[in-house]
Amino acid sequence: MTDSKKAPARPALKAIRGTRDLLPDQTPLWNHVETIARNLFARYGFGEIRTPVLEATELFARGVGEETDIVSKEMFTWEDRARAAGEGARSPESKAQLLTLRPENTAGVVRAYIEHQMANSGALRKLYYIGPQFRRERPQRGRYRQFWQIGAEVIGPPSSGSESPLRDAEILEMLASFLDELGVRGWRLELNSVGSSQDRVHYNEVLRAALQPIGSRLCADCQRRAVTNPLRVLDCKVPEDQALIGALPRIADHISADSQAHFDAVRAALEACGVPHHLNPRLVRGLDYYTRTTFEFTVATGLGTQNALLGGGRYDGLSEMLGGPRSPGIGFAIGEDRLILTLQAQQEEDAKGSGTSPRELLDAYIAPLSRAQDPAALALAHELRSAGLRIEVGDGSFKLRKSFEIADGLARHIVLLGEDEANSEIYTVKAFSSGEQTRITRAKLAEALRGLQSSSTNFVQ
RNA sequence: GCGGCUAUAGUUCAGUGGCAGAACGCCGCUCUGUGGCAGCGGAUGUCGUGGGUUCGACCCCCACUGGCCGCCCCA
């Protein structure tokens, strides 16, 4: 640092802000969560759909809502260049298109539902997805710019029963089962009805009128919301505002009899299934397409202030907003990153005092005793792997001591492969758990290594 | 987008305006076909990036970038 070798500062390539790598010590838990979800959803008759990560910006502007925070300030949007002259463009003035990295997946699923004319079969469609979403927010625990959602949608023409309160209750019961099956403890379901789209328009006027005289006494954020999105005032957490907000007209008093009856039926079905839930008349969701039933599952451990694990609701008018046929629907999105954080926090709680958790081991480590044995070692590994075993191969340049150190903690057995073994095809095998060492013929090796295979899977890193 | 805290070895973290530290991990030897233990030895690094103050900056100041916490919002 004293002399003049100030090299040109190299940039150091790193994952960009708000994105991250999931390494092999993490991915087993992710796969576990996704496997549980896939199996469970299948039992409820859901099929998987995969939609593009890229959509036309207009889809979200119309679907999610121009005025929402997500659309107005959190999307990764850019102008895709018009086709260049050299690309054989027929029309030289083909316009550039606004594209957006999807900030959520419901709009994309409904777009696909319309595009593939799924309404025409007349059947109720049950679709689920697992994939990354993108929002340009300030990163924080449980909040990333690329984050993963596991979600599902139930949608269809009214004649398919898509409006039935039974669908709402079924979705909520499925989510409760999902969290229980994963072992998420202490979840809480909060439920509300924001009424039909007409109810919302009506209530918005009532609310705007009620806010008019008191607006100036609310916090700055609420004053802004009172104009742009009055419903969101109900979600305010500023202590000074609570008295005023509490006195505002309530949604429940301004929804139609139909909406009220629908909501009552949802709750009755939930009671019948024994799904615990709490009414929260001030639960308001930030996406414009929600109607009637809205809900949120929260959890106390692991997430700090981002305690919403998943959310969702009805969107009876979304298909029409996107130019499709009338097709009421209901869906949800689980924050997979947050779910993982919750599970990891629980595991840490559980691990307190119970020492370290074992990790999943390979079946055997093959240790060639000299470089001359390397080819034979790889051949043996191939043979055993073909037999379905999980095998790692060492290197003939390693000292035997080193091979043992590597093998222990990585595999359940070590197989020594030296000149004797190569000639005799009788291998020396040692089991780490017992310390027992035996000599086994090549023909019986796979079978011997398979014995004692641990069937329990472990996801603790 | 706003406010606060923070960035030193592979990891977790000490540290002082005057030669860069510990623990764990890693490598070697004791010990050339039998590891986990132990003893001895070794290497760690543009002290996040760029500027400024200073005789001298890892330390003080500013900016930038990243992370964390809170707000906003959401999953």
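Lettering of chains follows the sequences in order, A, B, ..., and the numbering in each one begins at 1.
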>> Please evaluate residues A:Asp316 and A:Ser196 with respect to the criterion side chain to side chain donor-acceptor pair (under 3.5 Å), reporting the C-alpha separation (whole Å), side-chain torsions for both, the decisive distance (0.1 Å), and the verdict.
In response: CA-CA 8 Å; A:Asp316 292 337; A:Ser196 67; over 6 Å; no

>> From the set B:G1, B:U34, B:A75, return the single nucleotide nearest to any side-chain atom of A:Ala308.
In response: B:A75

> Tell me the salt bridge (charged side-chain N to carboxylate O under 4.0 Å, His left out) pairs involving residues 413-440 of chain A, sequence neighbours left out?
Replying inline: A:Glu425-A:Arg442

> Atom CZ of A:Phe134 and atom P of B:A75: how far apart are they, to the nearest Å?
Replying inline: 16 Å

>> Both A:Asp337 and A:Pro139 contact RNA chain B. Taking the nearest nucleotide for each, which residue is further toward the 5' end?
In response: A:Pro139

> Rounded to the Å, how far apart are A:Phe398 CZ and B:G28 C1'?
Replying inline: 15 Å

>> Let's test your reading of the model: under 3.5 Å, does the base of B:C68 pair with the side chain of A:Arg143 as donor and acceptor?
In response: no

>> Does A:Arg338 reach a base, just sugar-phosphate, or nothing at all? Heavy atoms under 4.0 Å.
In response: base

> When the distance from CG of A:Leu175 to P of B:A75 is rounded to whole Å, what number comes out?
Replying inline: 13 Å

>> Under 4.0 Å, heavy atoms only, any strand: does A:Glu137 hit a base, just the sugar-phosphate, or nothing?
In response: base

>> One thing to verify: whether A:Arg450 and A:Glu447 come together as a salt bridge, which I'm taking to mean a side-chain N less than 4.0 angstrom from a carboxylate O.
In response: no

> Contact class for A:Gln437 vs. all strands (heavy atom < 4.0 Å): base, sugar-phosphate, or nothing?
Replying inline: base

> With a 3.5 Å cut-off and just heavy-atom distances, do the side chain of A:Gln373 and the base of B:G33 make a donor-acceptor pair?
Replying inline: no

> Counting side-chain heavy atoms from CB outward, which of B:G33, B:A75, B:C68 is closest to A:Leu400?
Replying inline: B:G33

>> Does A:Glu173 form a side chain to side chain donor-acceptor pair (under 3.5 Å) with A:Ser177? I'd like the steps, not just the answer.
In response: CA-CA 6 Å; A:Glu173 183 275 311; A:Ser177 297; 2.7 Å; yes

>> Applying the Watson-Crick and G-U wobble criteria at under 3.5 Å, what pairs with B:C5? Answer none if nothing qualifies.
In response: B:G67

>> Given B:U34, B:G3, B:C74, identify the nucleotide with an atom nearest to the side chain of A:Arg138.
In response: B:G3

> Taking the P atom of each, how far is B:A57 from B:U49, in whole Å?
Replying inline: 15 Å

> Among B:C73, B:U34, B:A75, which is the nearest nucleotide to the side chain of A:Leu287?
Replying inline: B:A75

> Rounding to a whole Å, what distance do you find between A:Ile414:CD1 and B:U34:P?
Replying inline: 12 Å

>> Base, sugar-phosphate or nothing for A:Ile334? Non-hydrogen atoms, less than 4.0 Å.
In response: nothing

>> What's A:Gly151 touching, base or sugar-phosphate or nothing? Going by heavy atoms closer than 4.0 Å.
In response: nothing

> Which is true for A:Lys430 with a 4.0 Å heavy-atom rule: it touches a base, it touches only sugar-phosphate, or it touches nothing?
Replying inline: base

> So what does A:Leu339 hit on the nucleic acid, given a heavy-atom distance under 4.0 Å: a base, only sugar-phosphate, or nothing?
Replying inline: nothing

>> Do the side chains of A:Arg43 and A:Glu181 get close enough for a salt bridge, i.e. N-O under 4.0 angstrom?
In response: yes

>> So A:Phe432, base contact, sugar-phosphate only, or nothing? Heavy-atom distance under 4.0 Å.
In response: base

> Among B:C74, B:G33, B:G67, which nucleotide sits nearest the side chain of A:Asp420?
Replying inline: B:G33

> Roughly, in whole Å, what's the span from CD in A:Glu67 to C1' in B:C73?
Replying inline: 15 Å

>> Both A:Ile16 and A:Glu419 contact RNA chain B. Which one's nearest nucleotide lies toward the 5' end?
In response: A:Glu419

>> As a test of reading the structure: which of B:G36, B:C69, B:C68 is closest to the side chain of A:Arg141, going by heavy atoms?
In response: B:C69

>> Distance check, C1' atoms only: B:A43 and B:C24, in whole angstrom units.
In response: 16 Å

>> Expressed as a whole number of angstroms, how long is the span from A:Arg145:CZ to B:U65:P?
In response: 11 Å

>> How many whole angstroms separate atom CZ of A:Arg282 from atom P of B:C73?
In response: 12 Å

> What does A:Gly418 touch in the nucleic acid at a heavy-atom separation under 4.0 angstrom: a base, only the sugar-phosphate, or nothing?
Replying inline: base

> What interatomic distance, in whole Å, is found between C1' of B:A22 and the corresponding atom of B:U16?
Replying inline: 15 Å

>> Has A:Asn307 got a side-chain atom pairing as donor or acceptor with A:Ala300's backbone, closer than 3.5 angstrom?
In response: no

> In whole Å, what separates the C1' atom of B:U6 from that of B:C58?
Replying inline: 15 Å

> Which part of the nucleic acid, if any, lies within contact of A:Arg136, taking any heavy atom under 4.0 Å across all strands shown: a base, the sugar-phosphate backbone alone, or nothing?
Replying inline: sugar-phosphate

>> For a quick check of understanding: with a heavy-atom distance under 4.0 Å over all strands, which category does A:Glu104 fall into, base, sugar-phosphate or nothing?
In response: nothing

>> Just the rounded figure in Å: distance from C1' of B:G66 to CG of A:Asp21.
In response: 14 Å

> Looking across every strand, which nucleic acid part, if any, lies under 4.0 Å from A:Thr428 by heavy atom: base, sugar-phosphate, or nothing?
Replying inline: base

